[in-house]
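Here the structure is a predicted model, which is why all the values come from computation and not from measurement. Numbering starts at 1 and runs along the sequence shown.
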Amino acid sequence: DNWQSIAPNSLPVAFARRPQAKRRPEGLNENYARELMELHTLGVDGGYTQRDVTELARVLTGWSIERQGGGFLFRPLLHDAGEKTVLGIRFPAGGGMEEGERAIRILAHHPATARHIATQLCQRLVADDPPKELVARVAQRFLATDGDLRETVRAIVESREFFDPKFYRAKVKSPFEYAVSAVRAAGGETDGALPMVRAIAQMGEPLYLCQPPTGYSDASSAWVNTGALVARLNFALDVAGNKLPGTGIDAGRLVPELDSSDAERSIQSLARTLTGWDLSDETRETIAKRLADEAKENVPAETRLPLIAGLILGSPEFQKQ
């Protein structure tokens, strides 16, 4: 709502010609300034104060949007042209839009911003709680390359921590990642219509509906709970069994050389095809028990491969990134 943020003494002039406006701005709005510092640059522990937020909000007054099309527009009449101080840096009186550009450059080159971005990238690519030494090195690369994200990411994927076995598959897929990877791994196709969108929402990640401005969490703890895991297993069984409208796979095509009644070999082969590695003893035993129960109920042998595929897609091994 930065379009509603204005210098207090500019309100009568700026809106004298807009009698049609249903809601007039009432003064300074700190939302944009706070999110710029807290979420996108310095981070919540970046060392700024409430006064810095207020002063940055003053810097950003006049940064607005076009009424038609929503594009960026600077409105000089709404800008606070007084003297300001952000993070100890003085902004002389009489400035305009260039004040906001200068403030963004200052924030982008701040060491706290480098640390914040490095932490987020390391959390994304290595572990939810990445080694502090790695974060420090990545932050230094960010600063040394003037914020070059390609080089910043390179510092992570070429690091010893990235290849450390204890961080291998240490993170859990988000519901969206899980759904996409399940269809891809099974060689399936989807039209991405409402049934798929609804399934992802049931697993906890309604598309484009995240309420906090931080976006959906990248931490495994946000996605690992009993209800979510049950929803994932149900999704996997539906996809493998072609019960999700608009999405289809052919489990038999994944292991065409096997007889559908050869359960043990089917489990091993499908596991390697779908996950790239072997299943744990516990997972194999769980799947074998489920197949044994199906056999007792005289379930047709040709339905076993889709069942095996669904159970593997719903297994703990497939949940990992």
**Request:** Report the distance from atom CD1 of Ile106 to atom CD1 of Ile89, rounding to the nearest 0.5 Å.
**Result:** 3.5 Å
**Request:** Decide yes or no on side-chain contact (heavy atoms from CB on, under 4.5 Å) for Leu143 and His109, but give the supporting numbers first.
**Result:** CA-CA 7 Å; Leu143 292 173; His109 290 86; 5.6 Å; no
**Asked** About how many Å separate CG of Leu36 and CG of Asn31, when rounded to the nearest 0.5 Å?
**Response** 12.5 Å
**Request:** To the nearest 0.5 Å, tell me how far Glu30 CD sits from Glu35 CD.
**Result:** 12.0 Å
**Prompt:** Ile156 and Phe162: which non-hydrogen atoms are nearest, and at how many Å?
**Reply:** O-CB, 3.2 Å
**Asked** Judged by atom type as modelled, is there a donor-acceptor pair below 3.5 Å linking the side chain of Glu55 to the main-chain atoms of Lys84?
**Response** no
**Message:** Run the side-chain contact (heavy atoms from CB on, under 4.5 Å) test on Leu77 and Arg75 for me, step by step, so that the C-alpha distance in whole Å, both residues' side-chain angles and the decisive distance to 0.1 Å come before the verdict.
**Reply:** CA-CA 6 Å; Leu77 291 177; Arg75 300 183 185 277; 5.8 Å; no
**Request:** May I have the step-by-step check of side-chain contact (heavy atoms from CB on, under 4.5 Å) for Arg58 and Leu28, ending in yes or no?
**Result:** CA-CA 7 Å; Arg58 292 179 60 208; Leu28 204 61; 3.9 Å; yes
**Residues Asp128 and Ser220: side-chain donor-acceptor under 3.5 angstrom** = yes
**Item:** Gln50, CD: over 12 other non-hydrogen atoms inside 6.0 angstrom
**Value:** yes
**Message:** Using the rule that Ile, Leu, Val, Met, Phe, Trp and Tyr join whenever any side-chain heavy atoms are under 4.5 Å apart, tell me whether Phe163 and Phe167 fall into a single cluster.
**Reply:** yes
**Message:** Are Ile200 and Leu229 linked, directly or through intermediate hydrophobic residues, by side-chain heavy-atom contacts shorter than 4.5 Å (ILVMFWY only)?
**Reply:** no
**Asked** Atom CG in Leu149, atom CG in Leu121: separation rounded to 0.5 Å?
**Response** 7.0 Å
**Under 3.5 Å side-chain donor-acceptor pair for Thr247 and Glu189** = no
**Prompt:** Hey, quick one: are Tyr32 and Met97 part of the same hydrophobic cluster, counting side-chain heavy atoms closer than 4.5 Å, chains of contacts allowed?
**Reply:** yes
**Fill in**
Heavy atoms of Gly43 and Tyr48 approach each other most closely as O-CE2, 3.2 Å
**Prompt:** Looking only at heavy atoms, which two atoms of Asp80 and Gly82 are closest? And how far apart?
**Reply:** OD1-N, 2.9 Å
**Message:** Please determine whether side-chain contact (heavy atoms from CB on, under 4.5 Å) holds for the pair Leu279 and Ile287, giving the CA-CA distance in whole Å, both sets of side-chain angles, and the decisive distance to 0.1 Å.
**Reply:** CA-CA 10 Å; Leu279 301 175; Ile287 295 176; 3.9 Å; yes
**Asked** Quick one: do Leu311 and Ile308 end up in the same hydrophobic cluster if we chain Ile, Leu, Val, Met, Phe, Trp and Tyr together by side-chain heavy atoms under 4.5 Å apart?
**Response** yes
**Asked** Does atom NZ of Lys243 have more than 12 heavy-atom neighbours, drawn from other residues, nucleotides or ligands, at distances under 6.0 Å?
**Response** no
**Request:** Check the hydrophobic clustering (I, L, V, M, F, W, Y; side-chain heavy atoms under 4.5 Å; chains of links allowed) and say if Ile104 and Val53 are grouped together.
**Result:** yes
**Fill in**
Value for NZ (Lys171) from CD (Gln319), rounded to nearest 0.5 Å, stands at 14.0 Å
**Asked** Centres of the Trp63 and Phe72 rings: under 6.0 Å?
**Response** yes
**Fill in**
Closest heavy-atom pair, Thr190 versus Met196, reported as atoms and distance to 0.1 Å, is OG1-CE, 3.7 Å
**Fill in**
Correct closest heavy-atom pair for Phe235 and Met203 would be CG-CE, 3.9 Å
**Prompt:** Should we count CD of Gln120 as having more than 12 external heavy atoms under 6.0 Å?
**Reply:** yes
**Prompt:** Just wondering, are more than 12 heavy atoms of other shown residues or ligands nearer than 6.0 Å to CZ in Arg169?
**Reply:** yes
**Request:** Locate the shortest heavy-atom distance separating Pro131 from Glu161; write the atom from each residue and the value.
**Result:** CG-CG, 3.9 Å
**Request:** Taking the side chain as every heavy atom from C-beta outward, state whether Asp164 and Arg160 have any pair of such atoms under 4.5 Å apart.
**Result:** no
**Prompt:** Cationic tip of Lys173 within the cone over Phe318's six-membered ring, i.e. under 6.0 Å and within 45° of the normal?
**Reply:** yes
**Request:** May I ask you to decide if Ile312's main-chain N or O and Ser315's side chain share a donor-acceptor pair within less than 3.5 Å?
**Result:** yes
**Note: Arg284-Asp281 ion pair, threshold 4.0 Å (strictly below)** = yes
**Tyr216 atom OH, over 12 foreign heavy atoms within 6.0 Å** = yes
**Message:** I'd like to know whether Ser280 forms a side chain to side chain donor-acceptor pair (under 3.5 Å) with Thr283, so could you lay out the CA-CA distance, the side-chain angles of the two residues, the decisive distance to 0.1 Å, and finally the verdict.
**Reply:** CA-CA 5 Å; Ser280 67; Thr283 298; 3.0 Å; yes
